[in-house]
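Here's the structure we're looking at; comments come further down.
Order of the sequence lines fixes the chain letters, A, B, ..., with proteins taken first and strands second; residue numbering starts at 1 for each chain. Quantities reported herein were computed from a predicted structural model and do not represent experimental measurements.
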Amino acid sequence: MAEKVKTVRGFRDLVGEEARKYRFVVDTARKVLERYNFEEVILPTVEYAKLFARSIGEATDVVEKEMFVFTDKGGREVALRPEGTAGAVRAFIENKLYADGTYKKLFYEGPMFRHERPQRGRYREFHQIGAEVFGTANPVADAELVGLADEILKTLGVEARLEINSLGCKKCRPRYREALLRYLREHEEELCEDCRRRLERNPLRVLDCKVEGCRRVAQEAPKITDYLCEECKTHHEKVKEYLSALGVEFTENPYLVRGLDYYTKTVFEFVSPELGKTVLAGGRYDYLVEELGGPPTPALGFAAGVERLMLLLKELPPRPPLVVVIPFGGEEVKREALKVARLLRKEGVRTELSYREGKIKKQFEFADKIGADFALVVGEDELKSGLYTLKDLRRREQERLPFEEVVRRLKEASS
RNA sequence: GCGGUGGUAGCUCAGCCGGUAGAGCAGGGGACUGUGGAUCCCCGGGUCGCGGGUUCGAGUCCCGUCCACCGCCCCA
């Protein structure tokens, strides 16, 4: 045999049940999003690399070491998108979606790419379904967006606990950063190696380090919520108030910081206790549109990890019942079976026409093997009498029925 | 990127101190000439992940490499 070509590391096929799970997650999320009047945008997978550097942040891990970057034939640096928000913002600006002066609610879905070590629930090509709201600073939007996320997870039957925090704005975050940095410097020798490195670059990250010593230091660290300016504080209080009004349960986590630079004010994460991983996360990014060359536009959004949600699905909705049409006999029978199968499909019945030849026993074995619920025998006797043999393979009972009755029964079973 | 575990039949795995590969399930055929999940009989199937080394001889030992999984970092 010739050499087998395999998938690239971290890339994979979704086959059979995996494909159905993927579809179920995406379709379910889409239905909820459409009920909230979000509109789909279909975005490119490749963007100029600088888009991500400027939005996510030069110094973040995602940009620094996880992007698939390459040079195109014109010598431009392009990248496979590592997340969806940057592209959505770029599209919002490029298509001038701000022009009518209202706010815009968009969603997208598709593959993202990060060059990381693959493991369970983490692949180099993974999929996200994301939602973005452009053009409102109203905390009602924050609460409703989180509520929407909550509804998607509940509809999927996925359990996750919600954590929220506020990261402040241009006015208050620098003040907090200074205070935190001062505090962390005093305790530098208690921090792990990684965190000492983080100190200058991204001191907020130290707060959610899992190393014992760092956690102790973080416990006593100044909390951002104590440093919020009036506007941010009010915003944060309102978001919590509205969430409670919606009946969405949450816990406040002052150490929740997120790894991307563009966040302001509200940030949130839904964490699955079963996976020990975040399945959906997002927040507000009030300066990003402006920073990417658009008009000043407050905005917020989230992204859900499709693969992670797939791992948490308890059950898939069943496929509709399957009938196998079994031709038994000569050419005339095959012609009839072709027509019969087509008519059944036209009536909405999931139908497989058996291409097997030979003993009828083999035909039934085939029907059984592919998981059929019914077998419909089209043989010489059926042609003569006009009565078709319909067998319920689960109950192991069969009847000879006129075609109209066969259709009626199968349609009923399919509904 | 770092650490750990593992790759043997389609699948799950066994294979001892190195002596040239096995089980169960799955698959194909039959017992059973228009009826499937049970039973019995028969059968096919393997570059032991890949490359190199040690050895008279390597699935087994050594080195490298690829891949998967788990943890770390990070993240959806």
Leu256(A) CG - rA76(B) C1' separation (whole Å):
14 Å
Any strand: nucleotide that pairs with rG27(B) via Watson-Crick or wobble, under 3.5 Å
rC43(B)
Both distances below 3.5 Å, Watson-Crick or wobble geometry, any strand: find the nucleotide opposite rU60(B).
none
May I ask you to evaluate whether Arg117(A) reaches the phosphate of rC72(B), defined as a side-chain N or O under 4.0 Å from OP1 or OP2?
no
Hey, which sits more toward the 5' end of RNA chain B by its nearest nucleotide, Val279(A) or Arg124(A)?
Arg124(A)
Nearest-nucleotide wise, let me know which of Ala304(A) and Val8(A) is further upstream toward the 5' end of RNA chain B.
Val8(A)
Just checking Leu393(A): base, sugar-phosphate only, or nothing, at a heavy-atom cut-off of under 4.0 Å?
base
When rounded to whole Å, the CD to P distance for the pair Glu116(A) and rC2(B) reads 15 Å
May I ask you to evaluate whether Arg9(A) reaches the phosphate of rC67(B), defined as a side-chain N or O under 4.0 Å from OP1 or OP2?
yes
Can Phe328(A) be said to stack with the base of rG34(B), given centres closer than 5.5 angstrom and planes under 30 degrees apart?
no
Flag the pair Leu311(A) / Arg120(A) as yes when at least one side-chain heavy-atom distance between them is below 4.5 Å, and no otherwise.
yes
What's the CZ-C1' distance between Arg396(A) and rG34(B), to the nearest Å?
16 Å
Using a 4.0 Å heavy-atom cut-off across all strands, classify Gln363(A) as base, sugar-phosphate, or nothing.
nothing
May I ask you to check if Lys50(A) and Tyr48(A) form a cation-pi contact, with NZ or CZ under 6.0 angstrom from the six-membered ring centre and within 45° of the axis?
yes
Paired nucleotide for rA14(B) [Watson-Crick or G-U wobble; both distances under 3.5 Å]
none
Between Glu132(A) (CD) and rA76(B) (C1'), how many Å, whole number?
13 Å
Determine whether more than 12 heavy atoms belonging to other residues, nucleotides or ligands lie under 6.0 Å from atom CD of Glu405(A).
yes
Quick note, Arg356(A) side chain, CB onward, closest among rG36(B), rG28(B), rG30(B) is rG28(B)
Think Lys362(A) has a side-chain N or O under 4.0 angstrom from the OP1 or OP2 of rG29(B)?
yes
If pairing means Watson-Crick or G-U wobble with both distances under 3.5 Å, then the partner of rG71(B) is rC2(B)
Which value, in whole Å, describes the distance between the P atoms of nucleotides rC16(B) and rA58(B)?
16 Å
Would you mind reporting whether Asp373(A) and Arg394(A) have side-chain heavy atoms less than 4.5 Å apart?
yes
State which of rC69(B), rA76(B), rG36(B) makes the closest approach to the side chain of Gln128(A).
rA76(B)
CZ of Phe366(A) versus P of rG28(B): gap in Å, rounded?
11 Å
Whole angstrom is fine here: how far is it from NZ in Lys369(A) over to C1' in rC25(B)?
14 Å
Side-chain heavy atoms of Glu39(A) within contact of Phe107(A), under 4.5 Å
no
Any strand counts, and the cut-off is 3.5 Å on both contacts for Watson-Crick or G-U wobble. Which nucleotide pairs with rA38(B)?
none
Pairwise C1' distance, rG71(B) and rG15(B) [rounded to whole Å]:
30 Å
By nearest atom, which of the nucleotides rU35(B), rC69(B), rG36(B) is closest to the Arg120(A) side chain?
rC69(B)
Would you indicate, yes or no, if rG71(B) has its OP1 or OP2 atom less than 4.0 angstrom from a side-chain nitrogen or oxygen of Gln119(A)?
yes
For a quick check of understanding: with a heavy-atom distance under 4.0 Å over all strands, which category does Glu397(A) fall into, base, sugar-phosphate or nothing?
nothing
Please determine if a side-chain N or O atom of Lys391(A) lies less than 4.0 Å away from the OP1 or OP2 oxygen of rU35(B).
no
Base, sugar-phosphate, or nothing: which does Val306(A) touch, judged by heavy atoms less than 4.0 Å apart?
nothing
Round to a whole Å and report the spacing from CZ of Phe11(A) to C1' of rA68(B).
16 Å
Could you check which of rG36(B), rA31(B), rC69(B) has an atom nearest any side-chain atom of Pro118(A)?
rC69(B)
At 4.0 Å (heavy atoms only), tell me whether Gly329(A) reaches a base, stays on the sugar-phosphate, or touches nothing.
nothing
Rounded distance in Å - CZ (Arg122(A)) to C1' (rC72(B)):
9 Å
Treating Asn165(A) as the side-chain partner and Val257(A) as the backbone partner, does any N or O pair qualify as donor plus acceptor under 3.5 Å?
no
Heavy-atom donor-acceptor pair, Thr136(A) side chain to Asn138(A) backbone, under 3.5 Å:
yes
Could you measure between the two C1' atoms, the one in rG37(B) and the one in rU33(B), and give it in whole Å?
22 Å
Nucleotide nearest Arg394(A) (side chain, heavy atoms from C-beta), chosen from rG37(B), rG30(B), rU35(B):
rG37(B)
What's Gly10(A) touching, base or sugar-phosphate or nothing? Going by heavy atoms closer than 4.0 Å.
sugar-phosphate
Would you call the rings of His187(A) and Tyr183(A) parallel, tilted or perpendicular, taking 30° and 60° as the class edges?
tilted
